[in-house]
K.L.:
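For reference, the structure I am asking about is given below.
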Amino acid sequence: MRSANPPIWLATGNKQKVDEAKAILEKYGIPVRQLNIVKTEIQSFSLEDVARYASEQISESSKQRLLAVEDSGLFVSSLNGFPGPYSSYVHKTLGVQGVLQLLANQHDRRAVFQCALALSGPGFRTKIFTGTVPGRIASRAEGSSGFGFDPIFIPNGARLTFAESGRDVKNKYSHRALAFRKLAAWYGKRWPSSHLSPNGALK
Ligand code: ITT
């Protein structure tokens with residue numbers, strides 16, 4: 001028998017990603033668990049390929065779980081999309097200040113955050129859900145909420161960085177929120193009871 005509302009196991013070392021995923025998915029009655037495991041990250045320009053490979057590989061050893069891997073990146077227009085798939089490495093080496101320095105005196109500050117979310121599990125082929133949020137790189141780092149490049153990313157239509165506006169606002173617009181909401185829609189078709197409130201209304 002299919003278990004009721006099985007959890008999504010998110011394989012990541014980044015606890016804040018898990019907290020964001022929980023805030024989004026638990027509204028739809030979808031439980032989220034962190035699987036803190038070392039992933040194999042292939043060298044690829046495609047976030048999708050990186051996420052898919054890791055998800056399928058981890059899923060090999062726990063086939064009954066719904067296993068998700070998410071790979072995100074910041075793509076800066078005037079740097080021809082850099083750091084993109086290298087965002088994690090660039091964040092560790094240059095950091096937020098290093099990216100600001102690369103853009104010193106640069107008028108074009110457009111950038112997008114992209115997320116590719118791969119979901120593997122029993123009875124279906126790996127699904128990919130994507131999300132993109134366009135925005136710009138701030139002139140200086142502002143705010144203390146969130147993680148990574150949040151202090152320098154301002155989504156289109158906003159004046160504050162994701163780190164200033166806080167998690168609730170970020171979770172309305174972010175690349176991750178868009179991808180996880182697509183996952184929620186897919187999940188709701190397979191486990192419809194997850195999307196129902198106790199009174200039977202749709203969440
Ligand atoms: P896992 O690979 O273990 O999931 P990670 O933090 O390394 O965790 P990614 O490879 O997906 O995650 O992210 C690449 C980098 O992009 C990461 O180091 C962050 O600095 C940055 N990043 C990703 N999502 C972000 C977000 O929502 N806000 C700000 N920065 C983000």
Side-chain angles (χ1 to χ4, degrees), residues 8-25 32-59 67-76 79 81-100 102-103 111-120 128-138 141-156 158 160-181 183:
I8 303 286
W9 287 85
L10 184 56
T12 177
N14 184 334
K15 167 83 167 51
Q16 279 149 304
K17 270 190 184 180
V18 180
D19 290 343
E20 288 184 12
K22 277 189 178 172
I24 296 159
L25 292 186
V32 178
R33 308 265 186 278
Q34 180 174 11
L35 188 62
N36 197 343
I37 190 173
V38 178
K39 296 178 304 217
T40 306
E41 287 211 1
I42 56 165
Q43 282 290 327
S44 169
F45 288 122
S46 158
L47 300 179
E48 201 175 306
D49 289 351
V50 173
R52 181 193 298 276
Y53 183 90
S55 173
E56 290 181 347
Q57 200 200 34
I58 298 167
S59 186
L67 195 286
V69 171
E70 185 250 80
D71 199 39
S72 292
L74 177 68
F75 296 73
V76 178
L79 302 177
F82 183 83
Y86 309 111
S87 294
S88 187
Y89 183 69
V90 167
H91 187 262
K92 282 187 200 126
T93 50
L94 300 180
V96 158
Q97 292 304 331
V99 172
L100 287 177
L102 289 176
L103 294 182
V112 294
F113 259 130
Q114 288 185 16
C115 168
L117 172 61
L119 182 75
S120 304
I128 303 285
F129 307 97
T130 57
T132 299
V133 57
R136 65 182 192 279
I137 302 296
E142 297 283 5
S144 54
S145 160
F147 63 95
F149 297 108
D150 281 340
I152 57 170
F153 185 81
I154 303 175
N156 279 355
L160 302 180
T161 65
F162 271 154
E164 288 178 285
S165 58
R167 195 173 72 198
D168 287 352
V169 173
K170 183 179 177 190
N171 273 351
K172 276 193 189 141
Y173 309 109
S174 83
H175 51 311
R176 181 163 302 106
L178 294 170
F180 273 96
R181 276 197 220 105
L183 184 155

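Note that ligands are numbered from 1 as they come in the structure, with each ligand's atoms numbered from 1 the same way.
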K.L.:
Please confirm whether the backbone N or O of T161 pairs with a side-chain atom of E164, one donor and one acceptor, at under 3.5 Å?
P.N.:
yes
K.L.:
Among V112, V133, L74, T130, find the one that has a side-chain contact (heavy atoms from CB on, under 4.5 Å) with H175.
P.N.:
V133
K.L.:
Identify, with sequence neighbours excluded, every residue that meets ring pair (Phe, Tyr, Trp, His ring centres under 6.0 Å) alongside F149.
P.N.:
H91
K.L.:
Please collect all salt bridge (Lys or Arg N to Asp or Glu O under 4.0 Å) contacts where either partner lies in residues 147-156, sequence neighbours excluded, each pair once.
P.N.:
D150-K170
K.L.:
Only counting residues at least two apart or in another chain, list the ones meeting ring pair (Phe, Tyr, Trp, His ring centres under 6.0 Å) with F180.
P.N.:
none
K.L.:
Does R176 reach the main-chain N or O of Q114 with its side chain, forming a donor-acceptor pair under 3.5 Å?
P.N.:
no
K.L.:
Is there any protein N/O under 3.5 Å from an N/O of ligand 1, and what does the full list of such pairs look like?
P.N.:
from     : atom 1 : to   : atom 2 : distance (Å)
ligand 1 : 2 (O)  : K39  : NZ     : 2.9
ligand 1 : 3 (O)  : T12  : OG1    : 3.2
ligand 1 : 3 (O)  : G13  : N      : 3.0
ligand 1 : 3 (O)  : K39  : NZ     : 3.3
ligand 1 : 4 (O)  : T12  : OG1    : 2.6
ligand 1 : 4 (O)  : K17  : NZ     : 2.7
ligand 1 : 4 (O)  : K39  : NZ     : 3.1
ligand 1 : 6 (O)  : N14  : ND2    : 3.0
ligand 1 : 7 (O)  : S88  : OG     : 3.3
ligand 1 : 10 (O) : D71  : OD1    : 3.4
ligand 1 : 11 (O) : K17  : NZ     : 2.7
ligand 1 : 11 (O) : S72  : N      : 2.8
ligand 1 : 12 (O) : K17  : NZ     : 3.0
ligand 1 : 24 (N) : R176 : NH2    : 2.9
ligand 1 : 27 (O) : K170 : NZ     : 2.7
ligand 1 : 27 (O) : H175 : NE2    : 3.2
ligand 1 : 27 (O) : R176 : NH1    : 2.8
ligand 1 : 28 (N) : D150 : OD1    : 2.7
ligand 1 : 28 (N) : K170 : NZ     : 3.2
ligand 1 : 30 (N) : F149 : N      : 2.9

